[in-house]
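Okay, so here's the structure we're looking at.
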Amino acid sequence: MNQFKEFLRNKSNKKAFFMIGGGILALVVLILVIFFVIKMINRKITYGALEDQLANAASKYLSDHPEYYPTEASPSFTINADTLVQEKYLKKEINKLVKDTCSADVTVLYKNDSYQLKPMVSCNNYETQQIFDKVLADNRVTEDMTGLYDMNDLLVFRGDKPNNYIEFNKKVWRIIKMDPADSKMYLILDNLKDAPNDIWDNRYNTIEESRHGINNYDMSIALETLDHIYLESFQDVKSSMVPMDICLGKRSETEQVNDSSVECSSIMQEQKYLTLLPLYDYINASYDRQCLSAANRACANYNYLVNASGKWWTSTADGSRGTKVFGINYSGIIGSDFADSKKYLRYVIAIDGNLIYSKGNGTQDSPYVFK
């Protein structure tokens, strides 16, 4: 130790010692940097991240090759991942991006005056899943208690706690029903506060000589309000949405037919992207066997659509009075009220079930998310 101290007392020795120590430290740092650079270069990504990279690459490809954009006359265009690699829109072959052997392509669809990108990846250990298929895989079709029911050629969620939460357009929704024929999925707002609290209609009713409104849904103030909301709040996501038939049929309080044939006995000529829930869908959401008509209070039982936050309108008018419309109160009881009353316009949309599933299991804490 004394000899080492004596060695350091010499200034030239001291300088050489620190130079050697500094060089060794620099070499160690360089080795670590090279190690982490190599690790970063060879780092593998998740399958979901691969799908995102494919979609981004296809978007850039189309920006540089606008002649390939799909049109109304030719509504789809598919580009293979190999082309994106060859054209330098993907930096690596996809088999070098993930720990698997994969093939992939991206389909671009022209829908609702906008474009939808669908990256499809097929690997030994992974397959891109569409949101319709994911929801169906997670929810077995049942005939009792809470779950997914096969009703009138549709798959309908019923009960008080189904796992049918889904995110869309920065809001949480509930999946009402799914149509296997075209993979259409119908959603309703979960939080009433996300909807306007407004009248259904307030025009002067000349037939009844009343200022309480006219209960014709196709000419209602409510439908005009929803049209405005669609134009104002859904233009950035409209490629994910599909238009819906609007049912205009009225019903009585005691009507017990709930297969849509009453409400949909009359269909609006123009389809819409936002509407209100027809009454039969609310009735079908309860699995209480006594829930058969608007007059039965049992429809509030075992029904996930019950919302204690406020009253909300359906799209279904009361056929016995030209000024009244069916709504749902805080307790989930169906009532017929004057159209100029204020209730939440809890609107319904339909989305394309072929959209790519991203994450979630449909619970309140982990709603489904799609790309």
Side-chain angles (χ1 to χ4, degrees), residues 47-48 51-52 54-55 70 75-78 104-122 126-142 147-159 162-190 230 234 236-247 260 264 271-275 277-278 281 284-285 304-305 347-363 366-371:
Y47 298 110
E51 290 166 347
D52 292 339
L54 286 165
S76 69
F77 169 73
T78 300
D105 56 41
V106 183
T107 299
V108 187
L109 301 173
Y110 178 79
K111 297 186 68 177
N112 197 11
D113 296 324
S114 56
Y115 299 98
Q116 181 188 117
L117 286 92
K118 292 180 57 179
M120 301 297 292
V121 176
S122 179
Y126 176 82
E127 196 85 23
T128 296
Q129 199 165 21
Q130 299 178 85
I131 187 65
F132 187 100
D133 296 331
K134 173 61 176 175
V135 175
L136 188 57
D138 287 350
N139 296 272
R140 65 181 181 87
V141 176
T142 184
L148 196 61
Y149 287 66
D150 189 345
M151 299 178 67
N152 308 313
D153 298 323
L154 297 172
L155 298 171
V156 179
F157 276 104
R158 309 179 77 189
N163 292 329
N164 62 347
Y165 289 89
I166 187 168
E167 283 187 12
F168 178 63
N169 199 27
K170 300 178 181 179
K171 292 180 173 62
V172 177
W173 308 70
R174 307 297 293 270
I175 305 168
I176 308 162
K177 57 188 178 183
M178 310 193 301
D179 190 345
D182 57 8
S183 297
K184 186 182 294 186
M185 301 172 67
Y186 294 84
L187 318 181
I188 187 169
L189 278 174
D190 183 51
Y230 171 68
F234 286 86
D236 292 340
V237 294
K238 63 183 183 180
S239 65
S240 301
M241 302 172 67
V242 288
M244 299 170 286
D245 287 335
I246 305 301
C247 298
S260 82
C264 298
Q271 291 185 314
K272 294 287 184 179
Y273 288 90
L274 263 69
T275 186
L277 189 74
D281 274 333
N284 286 338
Y304 70 92
L305 289 173
Y347 46 83
V348 170
I349 64 171
I351 62 167
D352 180 1
N354 294 314
L355 294 160
I356 304 303
Y357 164 75
S358 176
K359 61 181 180 179
N361 58 10
T363 61
S366 181
Y368 291 114
V369 179
F370 56 86
K371 300 179 182 182

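Shown here for M244 and L274, the closest heavy-atom pair between the two residues is CE-N, 3.9 Å. The minimum heavy-atom distance between A55 and V106, with the atom names listed, is N-CG2, 4.5 Å. The heavy-atom pair separating G360 from K134 by the smallest distance is O-CE, 4.0 Å. A pairwise comparison of heavy atoms in S76 and L109 identifies CB-CD2, 3.5 Å as the closest pair. The two residues D153 and P180 have their closest heavy-atom pair at O-CD, 3.6 Å.
In terms of modelled atom types and a separation under 3.5 Å, the side chain of N152 and the main chain of L154 share no donor-acceptor contact. Judged purely by atom type and a 3.5 angstrom limit, D190 has no side-chain atom pairing as donor or acceptor with the backbone of W173. Looking at R158, its side chain does come within 3.5 Å of a backbone N or O of N284 through a donor-acceptor pair. In terms of modelled atom types and a separation under 3.5 Å, the side chain of T128 and the main chain of V121 share a donor-acceptor contact. Under a 3.5 Å cut-off, the side chain of N169 and the backbone N or O of K171 do not form any donor-acceptor pair. Judged purely by atom type and a 3.5 angstrom limit, N139 uses its side chain to pair as donor or acceptor with the backbone of V135.
Judged purely by distance below 3.5 Å, without hydrogens or angles, the side chains of Y368 and D138 pair a donor atom with an acceptor atom. With no hydrogens or angles considered, a side-chain donor-acceptor pair links T78 and T107 at under 3.5 Å.
For the atom pair OG1 (T275) and OH (Y186), the distance works out to 10.5 Å, reported to the nearest 0.5 Å. For the atom pair NZ (K238) and OG (S114), the distance works out to 5.5 Å, reported to the nearest 0.5 Å. For the atom pair CD1 of I356 and CG of L54, the computed distance is 11.0 Å after rounding to the nearest 0.5 Å. Considering CG of L148 and OG1 of T142, their distance stands at 9.0 Å, rounded to 0.5 Å. From Q130, atom CD reaches atom CG of L136 across 12.5 Å, with rounding to the nearest 0.5 Å. The CD1 atom of I349 lies 15.5 Å from the NZ atom of K272; values are rounded to the nearest 0.5 Å.
For an aromatic pair to be called close, the ring centres must be under 6.0 Å apart, and F370 with F168 satisfies this. Ring-centre distance between F234 and Y273: not below the 6.0 Å cut-off.
Within the 4.5 Å cutoff, side-chain heavy atoms of L277 are placed close to those of I176. At a threshold of 4.5 Å between non-hydrogen side-chain atoms, the residues D179 and L155 do not count as touching. Using a 4.5 Å heavy-atom threshold, the side chains of L355 and Q116 count as touching. Between S239 and N112, every side-chain heavy-atom pair lies at or beyond the 4.5 Å cut-off. Contact check for I166 versus L187: side-chain heavy atoms found under the 4.5 Å cut-off. Contact check for K111 versus V242: side-chain heavy atoms found under the 4.5 Å cut-off. Counting heavy atoms from C-beta on, the side chains of F132 and D352 never come closer than 4.5 Å. Contact of the M178 side chain with the M185 side chain is registered, since non-hydrogen atoms from C-beta on lie closer than 4.5 Å.
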Item to complete: Check step by step if side-chain hydrogen bond (donor to acceptor under 3.5 Å, both in side chains) holds for E51 and Y357.
Response: CA-CA 11 Å; E51 290 166 347; Y357 164 75; over 6 Å; no
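A salt bridge links K371 and D52; the closest N-O separation between the charged side-chain nitrogens and carboxylate oxygens is under 4.0 Å.
Y165 carries R174 over the face of its six-membered ring, with the cationic atom under 6.0 Å from the centre and within 45° of the normal.
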